[in-house]
Amino acid sequence: MSLSYEGTIPSRPRYGQLTPRPGSGHLFVADGEGADAILALFAGPGAKGMLATTQIVYMPGPTGTDKSAELEKLGADIFFRAPDYSTAQPRLKRLFGSAHMGLQLYLTGTEGLIGQAQRDAIEAGLPHTAMQTEHRGSTVRRVQCVHCKGITENVRTDPFVCSHCGLNLFVRDHYSRRLAAFQGVNIDAEDPGQVPPQVERFA
Amino acid sequence: MSAGAQRLDVTVAEVVDVNPLIKRFRFVRTGGGALPTFSGGSHIVVDMDDAGTRRLNPYSLMSDPGQTDSYMISVRRDDNGRGGSLYMHRSVRPGMQMQIGWPVNLFPSDLRAKKHLMIAGGIGITPFLAQMAQLDRIGGRFELHYAARNRTLGAYMDELQTRYGARVQTYLDEEGQAMDLKGLLTSQPFGTHLYVCGPKPMIGWVLDTARTLGWPEGALHSEEFLAPPVGQPFEVELARSGKTIRVGAAQSLLEALEAAGVDAPYLCRGGACGQCETDVCEADGTFEHNDHWLSDAEKASGRKIMPCVSRFRGARLVIDR
Amino acid sequence: MGIEFNKETFRDDYTFKNSPAAVRRFPFPFPEDDYMYSVNMEPHVPGRKGSVFEHTFDVDEHYLAEMRDRELVLKSDPLRCQSLPHMTLAGWDLLELIMESKARDYPHWFELHKSGDRWTWINRPMEIEQSFTFLKDDTLPYGPLEYITRQTQGDFTLQDQRDNTLYIDAGTVTTQADWSLDFDVGMAFHEWHAPVPLAHNMGVFDRALKFLLKLQLGSPVRRFNWTMTVDPLLDTSPENYPKWGPSKTTLTMDTIGKRQHLRVELQTLHRLPRSNAIAFPIRAYLASFDDIVTMPKWGRRLHRVVRDVHPDLATYKGFIRNRDLMVQWLSQYDDGKPTSPGWWPEPE
């Protein structure tokens, strides 16, 4: 699945394509189909020499895609499979805490994964413009309910029901790097009960 | 609004020979009172009346930003320059009244930094003097690496080492002391920001090395004020004011505009800030773009010029002033 | 001087009201009979005596009631005031700017005494006397931004300048026109303005940003913005939208004059000295349609603006569903006569 940027707004994140960059070390964080972006990078020119200083932190995607085996075969210095981001997070924070400038960060997979890893790297002091990102796989969204502040993962429909407070929310393209989430706003506040049918916008 | 127009009346309180090439000037507010508080890395534009020729040169503020009773700048004499530094060295004396612009900061500390790594060459030390004083007060973590040709020209080395101890490392070229830049740049903690100020080749060396070692652009900061280069005289038509002016060999286009009484905005007068960006209406000839502001594409387009440092050679130039 | 602070509320029973003097000085935001975005900035220099820009920070009859309302908002949602770690210095800059301005402009209400870094601040209307050490965070009961904005009308954001843009990295936002500080904090200039329709394609934000990046110390600027609010509710936050949204559905020809308010933001921008950040105070003034039409020029003009404004703007500003009703009610006050340029009321 690929993202469309048509008709969107400037706060909606845009993603690029991972390319090898010079650096003292290379940290890849990926989920699901993000594995394909890493495999593509190492199949391309200028990347083989990086393997000895590469660490890959990988977790299955929200739709169950798990390409651990293929990634492990790449022969990176370190390969680590986590069941999900919350499990990988302490490891990443530990890595950032002891890393030096020159470490290259490559984030790929779903927007939720990219956003959360980016948020944690920013907190560790890296400018958000410093990391490479590439979207792969599912387009489901991580959405914050602006009313109860609860985050609903893997949102597929618009509108959707907040998994915390139960309000009907429409999904905006407005995006917060700090929260690593899109914004959900009550759709029937002015006319309670008048909720348009849910449309599957993200898959 | 004409930026750069707001000025402060100051009196020269002190002129100190720091070494054979550098003089230090201290300004107090004429009539008394505090000068505006500023942030480390700021510069002021000093307004000089050099026997009828008006010179406006930017100098970094080197004094402690926490001290607002006076401002200090250091000026390195440039015998081959256009005359601003010579004027400061030869003609400015204690008691003289002058005007300066309000402080402007084009080289601020990025306060998100987990650590500030500063690299200074020669007179490029001045903005760091103010930055370190400020960071020291608010508990910022910093380290200065300061290179100069010899101890005489390393004007503030002793003073800084006394004040900041091991946070200041010095390198004297003539004593064969070289900075291990690669070692320095590969050992910095995640979240460090790099700042460099000094001669052009040094800035290029430091930034290029950092990029090669994987430092991101967002963590790199540099400041270099360009002196307007000398060139062939040229004529410019001013579309808005309906005048035609001649830019002298040792004059900048911005200075020629000002001499003709045309109000042109500026902040740094050194090709860095972008304030004087001017649209080109017509051009038949070649631009000499000397600024750090316009993108390569903008320079190639021939639609923009930075009058503070850039020049023109050719048959006709019309600008929107 | 001579002002009595109103005992009034901006919630529940809505006892907010403007005195006739407050209506006369209301910053009516339309210099012409139509409205479209522009980078309408001018120097924030002392304006006409008695006007809302006579002083750097205007203190008016609503001061104590607005501060009480802010206290209630922060009590229920502390995330309305946030400051990313690198913005503390900018918070001190803002505290100094406000304290010095108020002590200078309203010496009968505010005093600031300095002995080196040891400062004493007196705020008589709020019955506060506070001694503290400037730049020492733990000598105030709150962080510097929160401390001073709990005593100053209007919302505030602090914007850090880097990467050739501005980042909204701190703020106190309790009287906002439907935007969330908690969500937007940390965004770059074009990002936090992203939801605004039309203006991006018009280049408004590019021009505004270019201007602001060059904003100079000692040369603050100001501009107006406006929106519509049903009932004198200051806290029209997205957080509480399910609570206030339904109020829009209950307006009638009989109640609109009293309940529909024009909400004007006097926005000023100040370069801060130590942090090189930009302070962006957003001061909201409310006037009911009944208040507005006491000035015949404003009544005529508001009718024309509301009638002709671009529907995308009416949607974004949240009044599209009541626009026809507004136009119908306001048309009673528009006799079709020409209006004079500028926003000052004229005696008729």
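All values below come from the heavy atoms of this structure, side chains included, with hydrogens, waters and symmetry mates left out. Nothing here was measured: the structure is a model prediction, and the numbers come from that model. Numbers restart at 1 for each chain; the letters A, B, ... are given by sequence-line order, proteins then strands.
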A.B. asks: Rounded to the nearest 0.5 Å, how far does CG of A:L126 lie from OG1 of B:T192?
C.D. replies: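 Rounded to the nearest 0.5 Å, the OG1-CG separation comes to 10.5 Å.
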A.B. asks: Return the option, out of A:A124, A:S24, A:G25, with the maximum number of heavy-atom pairs under 4.5 Å with chain B.
C.D. replies: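 Ranked by contacts with chain B, first place is A:A124.
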A.B. asks: Looking at chain B, which one of A:G102, A:A130, A:G23 has the largest number of heavy-atom pairs inside 4.5 Å, strictly under?
C.D. replies: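 Top option by heavy-atom pairs under 4.5 Å: A:G102.
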A.B. asks: For B:D208, look at atom CG and say whether over 12 heavy atoms of other residues, nucleotides or ligands are found less than 6.0 Å away.
C.D. replies: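 Buried by this count: over 12 neighbours within 6.0 Å.
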A.B. asks: From A:E123 CD over to B:R112 CZ, what is the distance, rounded to the nearest 0.5 angstrom?
C.D. replies: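 Rounded to the nearest 0.5 Å, the CD-CZ separation comes out at 13.0 Å.
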A.B. asks: With a 4.5 angstrom heavy-atom cut-off, is it the side chain or the backbone of B:L185 that approaches chain A, or both, or neither?
C.D. replies: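 For B:L185, backbone heavy atoms alone lie under 4.5 Å from chain A.
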A.B. asks: Go through the atoms of B:Q188 and report whether side chain, backbone, both or neither lie under 4.5 Å from a heavy atom of chain A.
C.D. replies: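 Both parts, heavy atoms under 4.5 Å.
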A.B. asks: Which of the residues B:P189, B:G218, B:A113 is involved in the greatest number of heavy-atom pairs with chain A at under 4.5 angstrom?
C.D. replies: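 Option with the top pair count is B:P189.
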A.B. asks: Say you draw a straight line from CE of A:M101 to CZ of B:F190; how long is it, rounded to the nearest 0.5 Å?
C.D. replies: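 Between atom CE of A:M101 and atom CZ of B:F190 there are 7.0 Å.
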A.B. asks: Is the CZ atom of B:R211 crowded by more than 12 outside heavy atoms at less than 6.0 Å?
C.D. replies: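 For B:R211, atom CZ is crowded (more than 12 foreign heavy atoms under 6.0 Å).
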A.B. asks: Does any heavy atom of chain A fall under 4.5 Å from the side chain of B:T212, the backbone, both, or neither of them?
C.D. replies: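 Answer is backbone: N, CA, C or O of B:T212 sit under 4.5 Å from chain A.
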A.B. asks: Can you tell me if CZ on A:R14 sees more than 12 non-hydrogen neighbours from other groups inside 6.0 Å?
C.D. replies: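 Check passes, neighbour count above 12.
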